[in-house]
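Quick caveat: nothing in here was measured; it's all calculated off a predicted structure. Chain letters run A, B, ... following the sequence lines, proteins first, then strands; residues in each count from 1.
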There are 2 protein chains.
Amino acid sequence: MAGNGSGATAGSAAQRLETELKRAIVGLELRPGTRLSESEIADRHGVSRQPAREALIALSRMRLVEVLPQRGTVVTKISVGRLMQARFVREAVETAVVRRACDAFDRDARERIDGFIDVQERFASAGDHDSFQRYDELFHIALAEGAGCPLAWEVVRDIKTHMDRLCQLTLFDAPAMLALVEQHRTIIRAIDAGDPDGAAEAMRQHLTEILRAMPRVEAENPELFE
Amino acid sequence: MAGNGSGATAGSAAQRLETELKRAIVGLELRPGTRLSESEIADRHGVSRQPAREALIALSRMRLVEVLPQRGTVVTKISVGRLMQARFVREAVETAVVRRACDAFDRDARERIDGFIDVQERFASAGDHDSFQRYDELFHIALAEGAGCPLAWEVVRDIKTHMDRLCQLTLFDAPAMLALVEQHRTIIRAIDAGDPDGAAEAMRQHLTEILRAMPRVEAENPELFE
DNA sequence: CGCCACAGACTTGTATGGTAGTGTCGACAA
DNA sequence: TTGTCGACACTACCATACAAGTCTGTGGCG
């Protein structure tokens, strides 16, 4: 209850550590290749080794870190190949979601989305990259929920995490972010119009756009890629 | 190396426990609603509570169990709604996979598949449900790998696990299993013919078929559903 | 007879000590 | 100089002990 300015104190220490480490990895405070250790993380966060261990195991499940038994744990490097596969899977799921959304879309979710887009547009104009990404996530969550398939979001979530890590390097400027917001609007317009093909195509372009800068980013930061 | 006849002794105790528990849950030896406990599992398998705990956490991530803090852990009941969503997501991913397979398909994987289907057909004729499912899994793995998207399988795997649990209740007879094998052949034929729409439609029907018995199964075993 | 309080036996969560395995670095011999 | 061997420091992994919360059953009271 005491105002958690930002560090949401989730239930268990393990979960808190997990979200905190995830944030740090996606935000590139922990750069790919960084060596971690249960003990160090535990000490640094003032908890025991057990929660730290469980957090690292969770992160290894979503391939944000790689734990090498009896050797150590490292932050996984960005893999172009895996990101291409990730985009492929995400495109398959999210285009299917928007297609379904054209048939039937939950009204509450539909209204929420308008608000999300508006707020996201403001953050985009302000160049607030982190808040922009937070509302981007809310948009895609509401899309899945509105289409009646929250499970789709659970599948997409981990994939999006990796894409977000790349986006941290892409350093979108305000116009680029505004363009992405406009793509969200295009998707929603197609859904409202009941145009499945148009919605799917808009989503496809949206996801393609996000990774377009990958070659440049890789050329500029080869040490972060594998 | 040394032939692991069946009880594949994976690396860590936690992982061994996880696969063993997963097998037991999918095989309905641990029925939905069963109460578990870290201590009991640890004792029963002759290890400490820690590996048992990690295994349960892993299973809770894929929603095979639900752990209620300070209260207990239960095997999740089968949810019709979630299974419908699961089919939706799986259909989205796997139809995309077969479409891509029509463009380019790895030759080694292609050859492996023929073998898988033949073996699976034999198990189907023999009415060996477990082995049938094992080769069904190998088929879908090879499909994803052959299409160059092993990540797609990782996404589908957990979903398929839940569908497999339902299939355990469906009690396919030999003709039904042979029909499913024939659907596999239809998918492959469409891929060989370079017919994306045909392949996708065949996959769609295949996945629809699997869940067709769900209403009957739910009516016969209401206590296993939520 | 019905209801409430309390005690005990559970549960998961956390902390800590000990173990086996791996890479590293330095001494030593060819 | 180079190749080899050995002690050491470090890791994740496992076992055990403790803490905190929840349900249950029971006994006393109204």
Quiz prompt | Rounded distance (Å) that lies between atom C1' of dT11(D) and atom CD of E66(A) | solution = 15 Å

Exercise. Mark yes when over 12 heavy atoms from residues, nucleotides or ligands other than R216(B) sit less than 6.0 Å from its CZ; otherwise mark no.
Key: yes

Exercise. Name the residue closer to the 5' end of DNA chain C, choosing between E40(B) and Q50(B) according to the nucleotide with the nearest heavy atom.
Key: E40(B)

Quiz item: Salt-bridged, D114(B) to R110(B), with N to O below 4.0 Å?
Solution: yes

Practice problem: Report the nucleotide, chosen from dC18(D), dC14(D), dC13(D), that has the shortest atom-to-atom distance to any side-chain atom of R49(B). | Solution: dC18(D)

Self-check item: Lys/Arg-Asp/Glu bridge criterion (N-O < 4.0 Å) met for E223(A), R31(A)
Solution: yes

Quiz prompt | Note: E18(B)-R61(A) ion pair, threshold 4.0 Å (strictly below) | solution = yes

Quiz item: Rounding to a whole Å, what distance do you find between L56(A):CG and dT11(D):C1'?
Solution: 12 Å

Quiz prompt | Nearest heavy-atom neighbours spanning T161(B) and V26(B) | solution = CG2-CG2, 3.4 Å

Self-check item: Spacing between E54(B) atom CD and dA15(D) atom P, to the nearest angstrom
Solution: 11 Å

Quiz item: dC13(D) P sits how many Å from I57(A) CD1, rounded?
Solution: 6 Å

Quiz prompt | Charged N-O contact under 4.0 Å between E154(A) and R63(B) | solution = yes

Quiz item: With a 4.0 Å cut-off, would you call E29(B) and R23(B) a salt bridge?
Solution: yes

Practice problem: At the 4.0 Å heavy-atom cut-off to chain B, mark where contacts on DNA chain C begin and end, going 5' to 3'. | Solution: dT11(C) to dA15(C)

Quiz item: Is R44(B) salt-bridged to E40(B), going by a charged N under 4.0 Å from an acidic O?
Solution: yes

Quiz item: Does any residue of residues 30-38 of chain B have a heavy atom under 4.0 Å from DNA chain C, and if so, which ones, in number order?
Solution: L36(B), S37(B), E38(B)

Quiz item: Are any of R53(A)'s side-chain N or O atoms less than 4.0 Å away from OP1 or OP2 of dC13(D)?
Solution: yes

